[in-house]
Amino acid sequence: MKAPILITQAEIQQIYKPINPKTHKGIQGHAAIIAGSYGKIGAAVLASKACIKSGCGLVTTHIPKCGYEILQSTIPEVMVVTATHEKYISEIIFDIKPQAIGIGPGIGQEPNTQKAFQEFLKTNKTPLVIDADALNILSQNKSWYDLLQPDTILTPHPKELERLIGSWRSEIEKLVRATEFSKQHQVIIVMKGAPTQIVNGESVYENTTGNAALATAGSGDVLTGIITSLLAQGYLPIKAAQLGVYIHGLTADIALPETGYQSFIASDIIANLGKAFLALD
Ligand SMILES: NC(=O)C1=CN([C@@H]2O[C@H](COP(=O)(O)OP(=O)(O)OC[C@H]3O[C@@H](n4cnc5c(N)ncnc54)[C@H](O)[C@@H]3O)[C@@H](O)[C@H]2O)[C@@H](O)CC1
Ligand SMILES: Nc1ncnc2c1ncn2[C@@H]1O[C@H](COP(=O)(O)OP(=O)(O)O)[C@@H](O)[C@H]1O
Ligand SMILES: [Mg+2]
């Protein structure tokens, strides 16, 4: 097994594309976020806000009905499509054509949500980020792995990863299993942790930003929004994953002297996105 390639500032500078002065929202990328259920609409808010604050021109968020007023009042910049069910996503239907979709934060695992996710996977050809409960649904329905498009990005934390690839007894075994999974299903696995590693077939990349302040509710939901935004802006999936985890971690490194570890919350990642992007310009 090769040593991981570090995701350094120099590497990121090669990947990062400054904003074209003549761009407009119509060509800056339209992202869709499919997230939330009753009691976890916050996950949809965090992912959507991180998405629009990471540079894409438009964001449409698909949520259950109960989240409508919450979304519209907390992030007026984001458009909203609601499912027919009050408390969970019962079907995934929208007439927009986004350039990237992020699915999973806070969606729960209701049977109807599972069915909707399966129907979605059967037809979806749009670049995709799969996180949280969508990963958990996937790991309970392993025959659906065949429905994943090449270069789909999966963003599991260690428990979600275990549900997908099974348990491991050492870091080496984890990497071997993740590599096998990535090659077999042609997916990119963002193995979140300290540090986060990205597995893309035989290649492993290791992030160099971030700290323990990120060990707080919703920080993964925010990462989903950031990576989906970058995908919608035309970054190749592996580049969107690398730049996304780097920027996400950088926000915590920037904020730490002011917030300390304890008072840093997921909204602070979003609040510091601007400074993190400026550090790349
Ligand atoms: N405000 C909100 O609406 C929030 C919604 N959330 C959503 O809640 C749902 C459940 O997510 P959870 O991740 O809490 O539940 P899970 O059951 O998937 O994961 C929790 C388990 O994973 C373990 N775990 C997590 N990170 C780990 C790490 N780095 N190392 C080792 N073990 C680790 C925990 O100890 C725990 O046993 C998801 O859909 C998620 O998106 C959460 O993101 C929290 C905030
Ligand atoms: N100690 C840590 N050091 C660096 N990054 C961390 C640490 N703990 C958590 N993170 C990061 O925070 C995020 C947590 O994601 P996740 O567990 O999915 O959160 P949630 O589901 O609550 O949104 C990941 O990006 C992970 O890498
Ligand atoms: Mg998560």
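Counting starts at 1 for both ligands and their atoms, in listed order. These numbers were taken from a predicted model, which means no experiment stands behind them.
An N or O contact shorter than 3.5 Å is missing between L223 and ligand 2 by distance. Close N/O approach between G210 and ligand 2 is not found [any backbone or side-chain N/O within under 3.5 Å]. Some N or O of D221 is nearer than 3.5 Å to an N or O of ligand 2, by distance alone. For a threshold of 3.5 Å applied to N or O pairs, the pair formed by K159 and ligand 1 contains no separation below that value. Where the criterion is an N or O separation shorter than 3.5 Å, residue side chain and backbone included, G193 meets it with respect to ligand 2. On a distance-only criterion, G106 and ligand 1 share at least one N/O pair closer than 3.5 Å. By the 3.5 Å distance cut-off applied to N or O atoms, K192 is counted among the residues near ligand 2.
Side-chain contact annotation: Q242 with Y246, donor-acceptor N/O pair under 3.5 Å absent. Q118 and Q114 are not linked by any side-chain donor-acceptor pair at a separation below 3.5 angstrom, with hydrogens and angles left out of the test.
When non-hydrogen atoms are compared, ligand 2 lies under 4.0 Å from the side chain of H248 (C-beta onward) but not from its backbone. The proximity of A43 to ligand 1, defined as any non-hydrogen pair under 4.0 Å, involves the side chain as well as the backbone. Residue D133 touches ligand 1 through backbone and side chain together, judged by heavy-atom distances below 4.0 Å. At a heavy-atom cutoff of 4.0 Å, ligand 2 is contacted by no atom of L46, backbone or side chain.
There is no protein heavy atom closer than 4.0 angstrom to atom 36 (C) of ligand 1. Not a single protein heavy atom sits closer than 4.0 Å to atom 14 (O) of ligand 1. Put simply, atom 41 (O) of ligand 1 has protein non-hydrogen atoms near it, under 4.0 Å away. In this structure, atom 23 (C) of ligand 1 has protein heavy atoms in its sub-4.0 angstrom surroundings. Taking a distance limit of 4.0 Å, we find that atom 11 (O) of ligand 1 is approached by no protein heavy atom.
Residues A241 and I188 come closest through the heavy atom pair CB-CG2, 4.4 Å. The minimum heavy-atom distance linking I137 with T113 is given by the pair CD1-CG2, 4.4 Å. Closest heavy-atom contact between I19 and Q233: CD1-OE1, 4.4 Å. Annotation for T61 and A44: closest pair CG2-CB, 4.4 Å, computed over non-hydrogen atoms.
Protein heavy atom in closest approach to atom 23 (O) of ligand 2: G220 N, 2.8 Å. For atom 43 (O) of ligand 1, the closest heavy atom belonging to the protein is D221 OD2, 2.8 Å. Nearest to atom 2 (C) of ligand 2 among the protein's heavy atoms is A194 CB, 3.6 Å. Protein heavy atom nearest atom 27 (C) of ligand 1, with residue, atom name and distance: P158 CD, 3.7 Å. What sits closest to atom 22 (O) of ligand 2 on the protein, heavy atoms only, is G218 N, 2.8 Å. With respect to atom 17 (O) of ligand 2, the closest heavy atom belonging to the protein is H157 CD2, 3.2 Å. Considering only non-hydrogen protein atoms, atom 4 (C) of ligand 2 sits nearest to N211 O, 3.3 Å. L214 CB, 3.7 Å is the protein heavy atom nearest to atom 6 (C) of ligand 2. Looking only at heavy atoms of the protein, atom 26 (N) of ligand 1 is closest to H157 CG, 3.9 Å. Closest to atom 17 (O) of ligand 1 among all protein heavy atoms lies R163 NH2, 3.0 Å.
Within the structure, the closest approach of A132 to ligand 2 does not fall below 4.0 Å when heavy atoms are considered.
Using a 4.0 Å cut-off to heavy atoms of A215, the atoms of ligand 2 that qualify are 8 (N), 9 (C). Close contacts between ligand 2 and T196 involve ligand atoms 27 (O) [criterion: under 4.0 Å to a heavy atom]. Ligand 1 places these atoms under 4.0 Å from at least one heavy atom of G42: 3 (O). Counting atoms of ligand 2 from 1 in the listed order, those under 4.0 Å from a heavy atom of A217 are 22 (O).
Below 30°, between 30° and 60°, or above 60°: for Y16 and F277 the angle between ring planes is between 30° and 60°, a tilted geometry.
Distance check, rounded to the nearest 0.5 Å: OG of S54 to CD1 of I270 gives 8.5 Å. Taken to the nearest 0.5 Å, the CD1 atom of I189 stands 11.5 Å off from the CD1 atom of I130.
Linking ILVMFWY residues whenever their side-chain heavy atoms come closer than 4.5 Å, directly or via other members, places L214 and L243 in the same cluster.
The shortest distance between side-chain heavy atoms of F120 and L128 falls below 4.5 Å. Looking only at side-chain heavy atoms (C-beta outward), K174 and L161 come within less than 4.5 Å of each other. Residues L147 and F117 are not in side-chain contact: their nearest non-hydrogen atoms beyond the backbone lie 4.5 Å or more apart. When side chains are defined from C-beta on, I238 does not count as touching D151, because their heavy atoms never get closer than 4.5 Å.
Environment of NZ in K142: crowded, with over 12 heavy atoms of neighbouring residues, nucleotides or ligands closer than 6.0 Å.
At a threshold of 4.0 Å, the pair K122-E119 counts as salt-bridged, since one of the basic side-chain nitrogens sits closer than that to a carboxylate oxygen.
Of the candidates G249, A212, P195, S219, it is A212 that places a heavy atom closest to atom 1 (N) of ligand 2.
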For K192 and D131: C-alpha separation, side-chain torsions, deciding distance, then whether salt bridge (Lys or Arg N to Asp or Glu O under 4.0 Å) applies. CA-CA 11 Å; K192 295 185 295 194; D131 184 34; 3.3 Å; yes
Report the C-alpha separation of V129 and L223 in whole Å, then their side-chain angles, then the decisive distance to 0.1 Å, and conclude whether the side chain to side chain contact (heavy atoms under 4.5 Å, CB included) test is met. CA-CA 10 Å; V129 181; L223 179 68; over 6 Å; no
